[in-house]
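Single-structure report; data block below.
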2 protein chains.
Amino acid sequence: MSTKNKILDAAEHLFAVNGFNGTSLREITSQAEVNLAAVNYHFGSKKELIKAVMSRYMNELSPRLEKTLKQICDDDKKPTLIEVFSAFVEPLLWLNQFKENGTSNFLQLLGRGYTDSQGFLRWFLTTQYPGVISNFVEAVYKAYPELTAEEVFWRLHLTMGTVIFTMSSSGALIDIAKSDFDKNIDISGVIQQVIPYIAAGVAAPIIPSNA
Amino acid sequence: MSTKNKILDAAEHLFAVNGFNGTSLREITSQAEVNLAAVNYHFGSKKELIKAVMSRYMNELSPRLEKTLKQICDDDKKPTLIEVFSAFVEPLLWLNQFKENGTSNFLQLLGRGYTDSQGFLRWFLTTQYPGVISNFVEAVYKAYPELTAEEVFWRLHLTMGTVIFTMSSSGALIDIAKSDFDKNIDISGVIQQVIPYIAAGVAAPIIPSNA
DNA sequence: AAGCAGTTTAAACAGATGTTTAAACTACCG
DNA sequence: CGGTAGTTTAAACATCTGTTTAAACTGCTT
């Protein structure tokens, strides 16, 4: 395995667990068993390494997500919200075949990017992968045209929060499910819990503005 | 204003914006206009300062939350989920009178505690304020007894994620609402968007386990 | 005025951080 | 074989981190 990939693998794991700020280059390079200077040699800086870790996943996810969302919207009959959100499941779970623990690692990284260094993830997604968001918004609008653009905006942000936050701590949740309820679930079990919740949330009755 | 309070105010603001790891004692003490050593003199360590910042809010919130939740559950008729979640609104908004930007600051701090140093918030809430959580779980159970304990666990975690994550970035969301939709909303406007969403999410139809 | 507990101050501490340097090593090509 | 581009290495760099120290200062009581 190349030095570059050894670094990416170690960084991905440590970033997911301890966050970007909480992970030092020395931790990364010693876990990857490469020299400290290798990060700066191959990636230029720590910031560029973070981008590289995120891009490796987004480049896998982006085309698959586009495909499943198109499949749903190209049909003549309008999709249900459950179908729209389920369109994320297959691409996300595929990350587990792309890399071990790929799904939860990626979702954890998303959460870190949102909270660690403010605005980084927003910049990263909107500038590097603008199609993903617009496709998604369009799909939700087709499924639920009664919502105004403003309401779609709010509910998608709430959904993003639910998913990212939950997945960031999915490891802990899986442990609790085992110890408290004696249930062995994995990441797809978590997703099964999430989808009806967010679908119902997005489909919630609209509150009159002057109530 | 006492040195102790100057430190608490500066720390609260910086912690909320940049996280616990992302804020140094030198930033805090220079913004508070006190000597660097003052933190260790008055609080002992940075970790104790973090606890003190959180406790200042929790000590205000905890009794009010207990009161509003009790009000709902003591009635003979069972509460609705909207009522249960609305019980959080008044205590949370009261933090704005307790301190300027108190509500959003506190909710941002909650989000930081959840993601910054893993497990800290969980330890903090369960050991220092166990009543808050159990009261809440009981209220949800009364409002929606069809849910199993396991389902309540999942949906409350999803709800916590939604609320904390959204409120952490509520500042950015308020800005977007203004620029993209020309709507001037404040923190209570955000809460108004959140409540129907999470109430619908918790009340979502239960998925058969062998589907 | 003297003493004293509580507080503030500047300076230093040891350790960790991201980054850079220059020398050493490696493999391939002429 | 010699040379050269790409890579790895150990060491050092400057800067930042939380914490500690000992001296100075404060307001109060005896």
Side-chain angles (χ1 to χ4, degrees), chain A residues 1-56 108-109 112-121 123-124, chain B residues 1-56 108-109 112-121 123-124:
Chain A
M1 167 139 31
S2 70
T3 301
K4 225 169 164 172
N5 279 327
K6 278 197 273 186
I7 292 173
L8 283 171
D9 286 348
E12 169 187 321
H13 177 245
L14 289 167
F15 284 156
V17 175
N18 300 322
F20 300 130
N21 297 335
T23 305
S24 70
L25 294 185
R26 281 165 179 82
E27 291 178 85
I28 293 170
T29 51
S30 77
Q31 171 153 334
E33 293 177 316
V34 301
N35 188 273
L36 167 62
V39 169
N40 289 280
Y41 177 76
H42 285 284
F43 297 94
S45 69
K46 185 182 180 181
K47 202 159 205 167
E48 289 299 319
L49 171 61
I50 296 175
K51 286 191 204 170
V53 169
M54 297 299 288
S55 292
R56 194 163 60 147
Q108 279 183 265
L109 288 171
R112 297 297 182 181
Y114 212 95
T115 52
D116 254 38
S117 47
Q118 41 186 148
F120 166 73
L121 184 68
W123 167 86
F124 182 77
Chain B
M1 167 137 39
S2 70
T3 301
K4 227 169 164 173
N5 279 328
K6 278 197 271 185
I7 293 174
L8 282 172
D9 287 348
E12 169 187 321
H13 176 244
L14 290 167
F15 283 157
V17 174
N18 301 321
F20 301 130
N21 297 335
T23 304
S24 71
L25 293 185
R26 281 165 180 82
E27 292 178 82
I28 294 171
T29 52
S30 76
Q31 170 153 336
E33 294 178 314
V34 301
N35 188 272
L36 168 62
V39 170
N40 289 279
Y41 176 76
H42 286 284
F43 296 94
S45 68
K46 185 182 179 181
K47 202 160 206 166
E48 290 298 320
L49 171 61
I50 295 174
K51 288 190 202 171
V53 169
M54 297 298 289
S55 293
R56 194 163 60 146
Q108 278 185 264
L109 289 171
R112 297 296 181 181
Y114 213 95
T115 53
D116 253 38
S117 48
Q118 41 187 150
F120 165 73
L121 184 68
W123 166 87
F124 182 77

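Letters A, B, ... are given to chains in the order of the sequence lines, protein chains preceding strands, and every chain is numbered from 1. Computed from a prediction, not measured in an experiment: that's the story for all the values here. FYI, side chains are in, hydrogens and waters are out, and symmetry mates aren't considered; it's all heavy atoms of this structure.
- Remark: P of C:dG18 and CG of A:L25 are 4 Å apart, rounded to the nearest angstrom.
- Among D:dA10, C:dG18, C:dT17, the nucleotide with an atom closest to any side-chain atom of A:K46 is C:dG18.
- For the pair A:E27 and A:G44, both in contact range of DNA chain C, the more 5′-proximal nearest nucleotide belongs to A:E27.
- Although no hydrogens or angles enter the test, the distance criterion places a donor-acceptor pair under 3.5 Å between the side chain of B:E27 and the main chain of B:S24.
- For the side chain to side chain contact (heavy atoms under 4.5 Å, CB included) with A:F43, the qualifying choice from A:I50, A:I7, A:V53 is A:I7, the only one to do so.
- Among the heavy atoms of the strands lying under 4.0 Å from A:T23 are primed sugar atoms or P, OP1, OP2 only; no base atom is included.
- Phosphate contact (OP1/OP2 of D:dG6, side-chain N/O of A:H42, threshold under 4.0 Å): absent.
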Give the intermediate values and the outcome of side-chain contact (heavy atoms from CB on, under 4.5 Å) for residues A:I28 and A:K46.
CA-CA 11 Å; A:I28 293 170; A:K46 185 182 180 181; 5.6 Å; no
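- What separates CG of A:L14 from P of C:dG18 is a distance of 12 Å, to the nearest Å.
- Taking atom CG on A:N35 and atom C1' on D:dT8, their separation rounds to 6 Å, with Å as the unit.
- With the nearest nucleotide of DNA chain D identified for both A:V34 and B:F20, A:V34 has the one nearer the 5' end.
- Nearest heavy atoms, B:T29 versus B:N35: CG2-O, 3.5 Å.
- Looking at the side chain of A:A37, the nearest of the listed nucleotides D:dA12, C:dA12, C:dT21 is C:dT21.
- With rounding to whole Å, A:N18 atom CG is found 15 Å from C:dT17 atom C1'.
- With C:dT20, D:dT8, C:dT8 as the choices, the nucleotide that has an atom nearest any side-chain atom of A:N40 turns out to be C:dT20.
- Between the P atom of C:dG6 and the NZ atom of B:K4 lies a distance of 13 Å, rounded to the nearest Å.
- We find that CD of B:E33 is positioned 13 Å from P of C:dA10, with the value rounded to whole Å.
- The interatomic distance linking B:K6 (NZ) with C:dT7 (P) rounds to 14 Å, in whole Å.
- Side-chain N/O atoms of A:S24 include none lying less than 4.0 angstrom from OP1 or OP2 on C:dA16.
- Phosphate proximity of D:dT8 to A:T3: present, with a side-chain N or O under 4.0 Å from OP1 or OP2.
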Can A:F15 and A:R112 be said to form a side-chain contact (heavy atoms from CB on, under 4.5 Å), step by step?
CA-CA 8 Å; A:F15 284 156; A:R112 297 297 182 181; 6.0 Å; no
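- What separates CD1 of A:I50 from P of C:dT19 is a distance of 10 Å, to the nearest Å.
- Distances from the side chain of B:Y41 to the nucleotides D:dA12, D:dT19, C:dT7 place C:dT7 closest.
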